[in-house]
Amino acid sequence: MDSGRASTTALGTALMRAAHTRLGRPALIEDPWGERLAFSEERDAIDARAGAENLDALLQAHPSYGTVILRTRYTEDALGEAVRRGVRQYVIVGAGMDSFALRRPPFARDVEIFEVDHPSTQEQKLSRMAAAEIARPAGLHLVAADLSETPVDDALAGTPFRRDRLAFFSWLGVTSYLTREANLATLAAIGSCSLAGSELVFSYLDQRLLDADSASGPMQQVRAQVASLGEPWVSGFHPAELDSDVRSAGLEIIENLGPSELGARYCDGRTDGLRPSPGSHLAHARVLG
C-alpha cells in the first residue's frame, strides 16, 4: 500500500461489518463501528460510485462481503473459547479499522488487546476516532509496523506483550497482500514469540485462484479492483500444503476451512444469500511446544 495513506480495503471491510450488523437476519456479528469510523465524504464518494445502488446494496453485493462477515464470526468464536481457557492477550495482526477494542464483548473485559498495523492506517484510525469523539479504550496497545518489513515478534518487543503467557492472534484479510516469504516469516515470528498452546486464526486465498489465467469471475474482478487501489493480491497458500507450511513455522493446524465448510457451518438455512467467497479459506492453528 501507499505509505502515505490508510488502507482503502480496511475501511471497506469495516463498512461491510456495520452493514451486516444492521441488515443481516440473523446477524452473525455485532459490529456497528465502521460507520462511525468512516468520514461522511467517504461514504458519499462510495455512494456516487454506486450509481443507482445505495451503499448498503453495493457492500452486500461485493464478492468479499460474506467472507468478511464469516471470518469475523469464526475468529471471535475461537477467541471466546480461548479466553474461557485463560487467554488474556489478543494480538490483531493487520488490524486496519477493526473495532474489537471499541465494542469489547463482555467475555473480553480483562483481555489486553494489541493492534499491529501500518503506521499510516493507525494514524488514520486515531484521527477518525478523534473526529467521532471516541476515547481510546483502556487495555488497547497500538503497535505500528509495516508487516512487509518488520516481523511481528520484533514489533511486539518493547510493548507490554508477555511472551511467557498464552496469547491469541488473528490475522484476517492480510496474507493475500504479502509475499509468500513474508507470510511464512510472519507465521514463524508468531510461533517464536508465543507460549506453546497460543493460537492463531488467519485467512488466506487459495493459491490456485491467483494462478488462474482467467480474467472473469467475481473474485478475479475483486483482484483487479484492489490492484487498482494500489493494494494488489500477491500470494496465497495451497490448502493441501498448509499443514506442512504451518508446521515448518512451529505451529500445527487445528482447522482448515474452505468456502463449503464455512458455508455449512454458518450459512445453512439463510435466505439472504450470505455465502463465503470462492477461494477464501480460514485456518486455526496452535503454537507447538
Side-chain angles (χ1 to χ4, degrees), residues 1 5-76 92 94-100 102-103 117 121 124-125 128-129 131-132 134 170 172-177 203-205 209 216-233 259 262-263 265-267 270-282:
M1 64 176 278
R5 64 174 177 83
S7 167
T8 303
T9 55
L11 180 60
T13 56
L15 289 170
M16 289 178 186
R17 293 191 297 266
H20 178 78
T21 298
R22 284 189 292 101
L23 303 171
R25 294 296 179 271
L28 293 176
I29 61 174
E30 187 68 28
D31 184 1
W33 283 89
E35 289 160 350
R36 294 192 64 185
L37 293 173
F39 294 133
S40 59
E41 57 267 26
E42 292 171 324
R43 294 194 297 270
D44 291 343
I46 297 173
D47 270 331
R49 290 199 298 271
E53 294 182 288
N54 61 30
L55 177 55
D56 286 337
L58 181 70
L59 293 169
Q60 290 179 303
H62 196 280
S64 295
Y65 176 79
T67 292
V68 168
I69 306 310
L70 297 181
R71 73 192 187 197
T72 301
R73 172 60 184 268
Y74 179 89
T75 300
E76 294 186 15
I92 308 173
M97 297 295 156
D98 189 277
S99 68
F100 189 84
L102 301 176
R103 55 189 168 83
D117 209 343
T121 296
Q124 284 287 319
K125 186 174 184 178
R128 292 163 193 272
M129 289 170 59
I134 302 169
S170 68
L172 304 177
V174 180
T175 61
S176 57
Y177 299 101
S203 61
Y204 70 95
L205 288 176
L209 177 72
S216 61
M219 292 304 287
Q220 296 296 353
Q221 293 169 15
V222 175
R223 184 180 188 182
Q225 180 186 57
V226 296
S228 72
L229 296 171
E231 301 177 35
W233 289 345
L262 285 168
R265 181 170 300 188
Y266 293 110
C267 301
R270 296 189 69 94
T271 59
D272 58 2
L274 185 73
R275 292 293 184 274
S277 312
S280 60
H281 293 251
L282 275 175

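In this chain, residues are counted from 1 in sequence order. Note that this is a predicted model, so its numbers are computed, not measured.
Leu282 is not listed as a side-chain neighbour of Pro276, based on a closest heavy-atom distance of 4.5 Å or more. Residues Gln124 and Arg128 form a side-chain contact, since some pair of their non-hydrogen atoms from C-beta on lies under 4.5 Å apart. No side-chain heavy atom of Ile92 sits less than 4.5 Å from a side-chain heavy atom of Asp117. Within the 4.5 Å cutoff, the side chain of Leu102 has heavy atoms near those of the Met129 side chain. Looking at Pro278 and Pro63, their side chains never come closer than 4.5 Å, going by heavy atoms from C-beta outward. At least one side-chain heavy atom of Glu76 sits less than 4.5 Å from a side-chain heavy atom of Phe100.
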- Query: Does the salt bridge (Lys or Arg N to Asp or Glu O under 4.0 Å) test come out yes or no for Asp98 and Lys125, once each step is laid out?
  - Reply: CA-CA 9 Å; Asp98 189 277; Lys125 186 174 184 178; 5.5 Å; no
- Item | Verdict with supporting geometry, Arg103 and Ser99, side-chain hydrogen bond (donor to acceptor under 3.5 Å, both in side chains) | CA-CA 6 Å; Arg103 55 189 168 83; Ser99 68; 2.9 Å; yes
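Judged by a 6.0 Å distance limit and a 45° cone about the ring axis, Arg265 is not positioned over the six-membered ring of Tyr74.
For Tyr204, the ring-ring contact (aromatic ring centres under 6.0 Å, His included) partners at least two apart in sequence or on another chain are Phe237, His281. The salt bridge (Lys or Arg N to Asp or Glu O under 4.0 Å) check on Arg25 picks up nothing, with sequence neighbours excluded.
Nearest approach of Pro259 to Ser280, heavy atoms of both residues: CD-O, 3.2 Å. A pairwise comparison of heavy atoms in Phe39 and Ala131 identifies CE2-CB, 4.0 Å as the closest pair. Taking each heavy atom of Gly173 and Ser203 in turn, the nearest pair found is N-OG, 2.7 Å. Annotation for Ala132 and Arg36: closest pair O-NH2, 3.3 Å, computed over non-hydrogen atoms. The two atoms that bring Ala18 and Gly34 nearest to each other are CB-N, 4.0 Å, heavy atoms only. Across all non-hydrogen atoms, the minimal contact from Ala14 to Met97 is CB-CB, 3.8 Å.
Taken to the nearest 0.5 Å, the CD1 atom of Ile29 stands 4.0 Å off from the CD1 atom of Ile69. Here Leu274 contributes atom CG and Leu28 contributes atom CG; the two are 6.0 Å apart, rounded to the nearest 0.5 Å. In this structure, Thr67 OG1 and Leu262 CG are separated by 7.5 Å, a value rounded to the nearest 0.5 Å. In this structure, CE on Met16 lies 5.5 Å from OG on Ser64, to the nearest 0.5 angstrom. Here Leu23 contributes atom CG and Asp56 contributes atom CG; the two are 5.0 Å apart, rounded to the nearest 0.5 Å. To the nearest 0.5 Å, the span separating CG on Leu15 from CG on Leu37 amounts to 9.0 Å.
Paired with Val68 under the rule side-chain contact (heavy atoms from CB on, under 4.5 Å), one option of Arg17, His62, His20 passes, and it is Arg17.
For the pair Thr75 (side chain) and Thr72 (backbone), a donor-acceptor distance under 3.5 Å is absent. With hydrogens and angles ignored, the 3.5 Å screen pairs no side-chain donor or acceptor of Thr175 with any backbone N or O of Leu205.
Side-chain N/O atoms of Asp31 and Thr21 include no donor and acceptor closer than 3.5 Å.
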